[in-house]
Amino acid sequence: MENGAIIENLRARELIFQLAGEEALVEHLSTGSRTLYCGFDPTADSLHIGSLVPLLVLRRFQLAGHKPIALVGGATGLVGDPSFKAQERQLNTPDIISAWVDKIRDQVAAYIDFDCGANSALVVNNLEWMADMDVLSFLRDVGKHFSVNAMIQKESVKQRIEREGSGISFTEFTYLILQSYDFSKLNRLYNCTLQIGGSDQWGNITGGIDLTRRLHGAQVYGLTMPLVTKADGAKFGKTETGTIWLDPARTSPYAFYQFWLNSADTDAYRFLRYFTFLEVADIVALEAADRERQGRPEAQGVLATEVTRLVHGAAGLEAARRITAALFSGSIASLSESDVQQLRLDGLPASTLARSDFEDGTLTQVLTDSGLAASGKQVKDALGRQAVTINGRPLGWDDNMRLAQCFLPEEALFGRFYLAKLGKKKYHLFEIA
RNA sequence: GGAGGGGUUCCCGAGUGGCCAAAGGGAUCAGACUGUAAAUCUGACGCGUGAGCUUCGGUGGUUCGAAUCCACCCCCCUCCA
């Protein structure tokens, strides 16, 4: 791809929300290989799929011949970004943040290429330059360039300032300045001239553009991507089981695959643009083909396949599909013993029980403890609707107290496995020790 | 430091002595319908199979009885100094 075609490409993928310095930026990108960055703050020990969009855009830029820098916010994570947050955030300890930084650095590194010559990627931590800055230098050399009048006008903090019942601490208010300083610093260190981020980062990015000009007289640019939304208005990236994380220890490849497979029709094509490297023309063709056909569209399957491979690799995808095939084909009985064991290794939720555990206790207890159900009430509700099965046999309300009859020895797969199912989509494998 | 407003179950938000496990909405879960969709309808939605148990910032108190009243404390917001 030509250096400059990247903007056109991103536009076709609907990945551009706002551009700072549009024409100049296109010109800038067309005339050489540039350095750009995106920041990722450690707010947990893993990124979630919301961060995938900017991460992949970094890679898109790299594929177009530009040099990406992934910045991990070891310093900014200590402060907390107030942008569009309704409430002040709880501060985490430096120890915790530092541990998170390590994990996120590794995670981020998987999406960009560190060994491709001149435009090899970099990962940096803003603690490198923020740690030794003293308060007075900060206030005199950096803070002096910011107008509080302008800062309180930022849309990102407006609700915190104007809304009755909320507020903002000086700490979080200062976040904008820290992130702005990052940009100017990267501009100095690596001649970084573009910052990208989610649309919520617009205020922080323009702050950095202004500061870089004031500090170094350099013209730099910004680009934001749209916030990922869902057709039904629910928050993207969350499911009943919680957030969809990139870390396979937190969200198994199977769960990850299922998440994408369950995308709404109206979202699937947009997500294909956002989260895959498929050509836009191919996505358009797929959409047209799906429209022609009756029944289930192919888009979700393609989406799940592509994104799972991207994040969890071919092996992760393989595992996810294997489980999906086994569970949704209804042919659990046809699985071999090693298949069943493989399911467990592949990330199907599982736990080990002893026969003696069935002597007393209740089914609701067992299913709740296993994590299959959130509460006994849920199990109770499902039992009343024939929505709980073990190895394919539906259980009723009467079975709740008779645990041993739910797990009959003769019904065990290979003498020791029970696959419990709650509703249509939730499974848990029990192995008898 | 002063004056005022506020902290309710995942979120928003009603509730000012018993009828309150706490309205309503959202989110979520399950069932029907389907395509492992959407929309719609139904049910659940603090915990417990159950009797029952534990909740309304915290601690004490008043009362037969408190989310509701009182005292003190903690936290948040607004204005003043």
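In what follows, chains are A, B, ... by sequence order, proteins preceding strands, each numbered from 1.
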Gap in Å between the two [atom1] atoms, one belonging to [N] and one to [M], rounded:
N	M	atom1	value
B/U62	B/C70	P	15 Å
B/G6	B/A71	P	16 Å
B/C79	B/G13	C1'	26 Å
B/C69	B/C56	C1'	16 Å
B/G46	B/C10	P	10 Å
B/A81	B/C73	C1'	24 Å
B/G61	B/A14	P	32 Å
B/U68	B/G7	C1'	15 Å

Do any N or O atoms of the protein come closer than 3.5 Å to N or O atoms of nucleotides 44-48 of chain B, and which pairs are they?
unit_1: B/G48; atom_1: OP1; unit_2: A/Gly376; atom_2: N; d: 3.4
unit_1: B/G48; atom_1: OP2; unit_2: A/Gly376; atom_2: N; d: 2.9

What does [N] pair with, Watson-Crick or G-U, if both distances are under 3.5 Å?
N	answer
B/A23	none
B/U78	B/A3
B/U59	B/A71
B/U40	B/A32
B/C45	none

Report the residue (A/Lys424 or A/Ala382) whose heavy-atom-nearest nucleotide on RNA chain B is the more 5′ of the two.
A/Ala382

Pick the closest RNA chain B nucleotide for A/Asn400 and for A/Thr324 by heavy atoms, then say which residue is nearer the 5' end.
A/Thr324

Would you say the side chains of [X] and [Y] form a donor-acceptor pair under 3.5 Å?
X	Y	answer
A/Tyr37	A/Asp182	no
A/Gln195	A/Gln201	no
A/Arg270	A/Ser263	no
A/Asp81	A/Ser83	yes

Counting only N and O atoms by type, is there a donor-acceptor contact under 3.5 Å from the side chain of A/Asp45 to the main-chain atoms of A/Lys103?
no

In whole Å, what is the span from the [atom1] atom of [X] to the [atom2] atom of [N]?
X	N	atom1	atom2	answer
A/Gln258	B/G35	CD	C1'	13 Å
A/Leu395	B/A30	CG	P	17 Å
A/Ile323	B/U36	CD1	C1'	15 Å
A/Asp267	B/G35	CG	C1'	16 Å
A/Trp260	B/U36	CH2	C1'	17 Å
A/Leu372	B/A30	CG	P	10 Å
A/Arg293	B/A37	CZ	P	18 Å
A/Glu172	B/C77	CD	P	11 Å

Residues forming a ring pair (Phe, Tyr, Trp, His ring centres under 6.0 Å) with A/Tyr175, sequence neighbours excluded
none

With a centroid cutoff of 5.5 Å and a plane-angle limit of 30°, would you call A/Trp397 stacked on B/U49?
no

Does A/Leu422 reach a base, just sugar-phosphate, or nothing at all? Heavy atoms under 4.0 Å.
sugar-phosphate

Contact class for A/Gln386 vs. all strands (heavy atom < 4.0 Å): base, sugar-phosphate, or nothing?
nothing

Is the A/His428 ring parallel, tilted or perpendicular to the A/Phe430 ring (thresholds 30°, 60°)?
tilted

A/Glu14 CD: over 12 foreign heavy atoms closer than 6.0 Å:
yes

A/Lys425 side-chain N/O to B/A37 phosphate OP1/OP2 under 4.0 Å:
yes

Could A/Asp381 and A/Arg385 be called an ion pair, given the rule that one side-chain N must be under 4.0 Å from one carboxylate O?
yes

